[in-house]
Amino acid sequence: MATHQFKTEVNQLLQLLIHSLYSNKDIFLREIVSNASDALDKLKYLTVSDEAYKSISFTPRIDITFDEKENILTVQDSGIGMTDSDLENNIGTIARSGTKSFFEKLSGDAAKDSALIGQFGVGFYSAFMAAKKIDVYTRKAAGDGKIWHWSSDGTNSYELDEVAADSAVAKKYGFDKPELSGSAIEMHLNDDSKEYASRWKIEELIKKYSDHIAFPIFLHYEQKKYDDKGKETGSESKIDQVNTASALWKRSKSELKKEDYNEFYKTNCHDGNDPLHYVHTHAEGTQEYTTLFYVPQNAPFDMYQADYKSGVKLYVKRVFITDDDRELLPSYLRFVRGIIDSEDLPLNVSREILQQNRILENIKKQSVKKLLGEFKKMGEDADKARKTEADKRSDDEKKAIEDWNKFVKNFNRPMKEGLYSDYENRDEIAEIIRFKSTDASGTGDGNYTSFADYVQRMKTDQKAIFYISGSDEKNLRANPLVKAYTDKGFEVLILDDDIDDIVIPGFGKYKNEFELKAVNRAGSDEDLGGDKKEAEKKEKEFKPVVEKIKKALGDKVKEVKLSKTLSGENPSCIVVDENDPSYQMERMMKAMGQMGPEIKPILEVNGDHPILAKIKESDDEALIADVSEVLLDQALLIAGVELKEPAEFVKHLNNLLSK
């Protein structure tokens, strides 16, 4: 047998599985059976869509056998099978850097960490929690007829060789018949896992985790025979189907329990946790289709990767078509998992047809509306529950708040993407997304507010929704501009997602009535009111001061202005021109390698601050330069902008302290 080294970080992963995650070993059988189901799905599709496979005699099934004496457990499927290169690509390595993300998610809690298995494409390796050695025997359907044997003890290598069709092992698994394809996973159980070579344990796990696999699972076992006196007289070989083998999503909602939905999710979506929410819909009329969508408790590990994997599988008349089509739902809903099953699409539908198909486009459109409606209701239920005093809330009310907080924490950011990518549904999305705020309802852990709630709290004569955006919530709350607005009784939304500077300016108006205004944009202070004549008088009085500062700073600033908003101990702040991108946007563009023109801030100074009086009374250019530089750098720091030359800031500050 040829020996091969495992690629990427497989060896590290195997050591973790073998030595650390024993607390939930049961899931390994779920993962192996799920892989077998996927192999059957793929071949079933090819037999109706690809001429090369249509002549294959295909009887989809999964067979489980065990040997109590030798402690061997085998799961065999009649699916697509693998070639030697498939074995190397599918088992010899872990695709898409799944292992790295897996390790990053680990918490140190074995029971919790084991739930991550499968979510990262490492399901096959979970078998090493129970097996000291694994042998895989496989033949690819409609291939060259070769039978391949993969073997590993879970260390840092595996062996791969070809098996003769007339060999004992080929006959054992039926591969001596040239028409048979599929894979047999033979697991040699370790001393701590002998219980899995047992009829009752296998039946228990299949019922618990894999009952709704859409293909029959048969358990082979020996049943002892007894005479009428209870004396053992021999045994007989029996084969029982141990799962219901029905497509759960096609069953009536009235006959399904929450536990049924949860177990189906865990098996088909490779997640050890229950889903956060699920939506089951059956539509009839001009088009007939069924959808079953799930929202996971945690964000998928690849949610922000360009090559994220779709979580939705497409079926046609219960025949699996694809799980790799990102057109089934818009990208901002890429965290959704589940099933779409159409009765109207042709079985031999191609990817090109899928992208342009009106039937699928309508299913997508209706599915998005259904999901958004569910998300909106989740938020409304949580908001309603919050109105009940904390110590008087029912368990359902507590759960509504807890579930919604999890949704916002994990999926608020991708939902915001829909504000600019899904124009048709942007009004519905605007009702779902949540924000931090200067109001108590948006301050502190787990507290978020909505546009609708903000509008309810607006001052009588207020025409706009005010916000400030940046990269750090704490800095944003401390910004003197925010204080200027809150002192006047205005609420300010705190937007600290990196995507906010892209989404919010392009959103326009909430309900086509309330304009969204950034408090750190030039001109926003007009909404604060005040005596215009007094402001003009003060501006004229401080014009010489402003000109001195502008001269000292030169082209470091676009403009220097007397502030209409600052008061008290805050001597300065920066705003950006309404036509310029924000500093957050500038950072994002640089990170993407798109270097635009440098943003020059507008410096606003507080005429009531003592330091301005110092400049007003002085003609010392060195002093004015030191004060001006400190005013600018301090304002930039408060705004969360990184200083280009921190040493210069320290130098100017020391100069002032020494005078």
Side-chain angles (χ1 to χ4, degrees), residues 1 29 31-67 70 72-92 124 127 131 133-152 158-188 202 206 210 213-222 237-243 245 318-320 347:
M1 295 180 73
L29 188 57
E31 294 301 318
I32 298 300
V33 171
S34 292
N35 288 346
S37 175
D38 289 343
L40 292 168
D41 264 334
K42 289 171 183 174
L43 184 55
K44 186 177 181 181
Y45 169 55
L46 290 171
T47 57
V48 296
S49 64
D50 192 319
E51 290 297 328
Y53 291 85
K54 285 185 177 179
S55 60
I56 291 176
S57 177
F58 176 51
T59 305
R61 60 183 289 156
I62 298 170
D63 291 271
I64 300 179
T65 59
F66 61 93
D67 186 328
E70 298 297 327
I72 296 174
L73 173 63
T74 304
V75 176
Q76 182 173 5
D77 65 75
S78 57
I80 188 69
M82 290 178 279
T83 63
D84 55 338
S85 61
D86 290 334
L87 284 164
E88 290 190 49
N89 292 331
N90 296 338
I91 301 180
F124 171 82
K133 180 186 176 187
I134 297 177
D135 290 296
V136 179
Y137 300 94
T138 184
R139 176 195 275 145
K140 185 72 172 276
D144 55 14
K146 291 182 179 180
I147 306 162
W148 292 97
H149 174 210
W150 180 97
S151 181
S152 178
Y158 61 92
E159 295 179 326
L160 184 63
D161 70 336
E162 187 180 349
V163 175
D166 59 355
S167 64
V169 73
K171 292 177 181 177
K172 178 181 178 181
Y173 294 116
F175 291 128
D176 55 323
K177 300 170 185 175
E179 71 275 9
L180 188 69
S181 65
S183 301
I185 315 297
E186 194 176 87
M187 293 161 278
H188 301 259
I202 294 168
I206 295 299
S210 307
I213 291 289
F215 303 103
I217 301 173
F218 295 100
L219 178 61
H220 301 241
Y221 62 95
E222 293 291 321
S237 298
K238 299 200 73 175
I239 303 174
D240 289 343
Q241 183 174 331
V242 288
N243 71 322
R318 283 179 285 185
V319 176
F320 172 77
L347 278 171

*Using the side-chain contact (heavy atoms from CB on, under 4.5 Å) rule, take L219 and F66 through it: C-alpha gap first, then chi angles, then the decisive distance, then the call.*
CA-CA 9 Å; L219 178 61; F66 61 93; 4.0 Å; yes
_Any L87 side-chain heavy atom under 4.5 Å of Y158 side chain_ = no
_For a 4.5 angstrom cut-off between non-hydrogen side-chain atoms, does Y221 reach D240?_
yes
*What distance separates D84 CG from D144 CG, expressed to the nearest 0.5 Å?*
8.0 Å
_Closest non-hydrogen atom pair between S78 and P60, with its separation_ = OG-CA, 3.5 Å
*Nearest heavy-atom neighbours spanning M187 and A127*: SD-CB, 3.9 Å
*asked:* Could you check whether any side-chain heavy atom of V48 comes within less than 4.5 Å of a side-chain heavy atom of K54, counting everything from C-beta outward?
replied: no
*Residue pair Q76 / H220, side-chain heavy-atom distance below 4.5 Å*: no
_Using side-chain contact (heavy atoms from CB on, under 4.5 Å), reason through E186 and Y173 one step at a time and then give a plain yes or no._
CA-CA 11 Å; E186 194 176 87; Y173 294 116; 2.3 Å; yes
_Quick one, I32 and L73 - any side-chain contact, counting heavy atoms below 4.5 Å?_
no
*Any W148 side-chain heavy atom under 4.5 Å of V136 side chain*: no
*Show your working on side-chain contact (heavy atoms from CB on, under 4.5 Å) between S152 and I134 and close with a plain yes or no.*
CA-CA 6 Å; S152 178; I134 297 177; 5.9 Å; no
*asked:* For the CG atom of D77 and the CD1 atom of I64, what is their distance to the nearest 0.5 Å?
replied: 11.0 Å
*Hey, what's the ring geometry for W150 with F124, parallel, tilted or perpendicular (30° and 60° as the breaks)?*
perpendicular
*Does some side-chain heavy atom of D67 sit less than 4.5 Å from a side-chain heavy atom of T74?*
no
*Work out which heavy atom in Y53 is nearest to a heavy atom in A142; give both atom names and the distance.*
CE2-CB, 3.6 Å
*Going from CD on E179 to CD1 on I56, what distance comes out if it is rounded to the nearest 0.5 angstrom?*
10.5 Å
*Judged by atom type as modelled, is there a donor-acceptor pair below 3.5 Å linking the side chain of S181 to the main-chain atoms of G79?*
yes
*Separation between CD of E31 and OG of S210, rounded to the nearest 0.5 Å*: 9.0 Å
_Sub-4.5 Å side-chain heavy-atom contact between L40 and F58_ = yes
*Which is it for V75 and L29 under the side-chain contact (heavy atoms from CB on, under 4.5 Å) test, yes or no, and what are the steps along the way?*
CA-CA 9 Å; V75 176; L29 188 57; 3.9 Å; yes
*Hey, could you give me the CG/CZ distance between N243 and F215, rounded to the nearest 0.5 Å?*
11.0 Å
*Could you tell me which non-hydrogen atom of T138 sits nearest to which non-hydrogen atom of S183, and how far apart they are?*
OG1-OG, 2.8 Å
_Testing the basics here: between L180 and R139, what is the closest heavy-atom pair and its distance to 0.1 Å?_
O-NH1, 2.8 Å
*asked:* Can you tell me how far apart CD1 (I213) and CD1 (I206) are? Round to the nearest 0.5 Å.
replied: 8.0 Å
_Given K140, which partner from the list T83, L43, I147 fulfils the side chain to side chain contact (heavy atoms under 4.5 Å, CB included) test?_
T83
_To check you understand the geometry: which heavy-atom pair defines the closest contact between G81 and D86, and what is its length?_
O-OD2, 4.4 Å
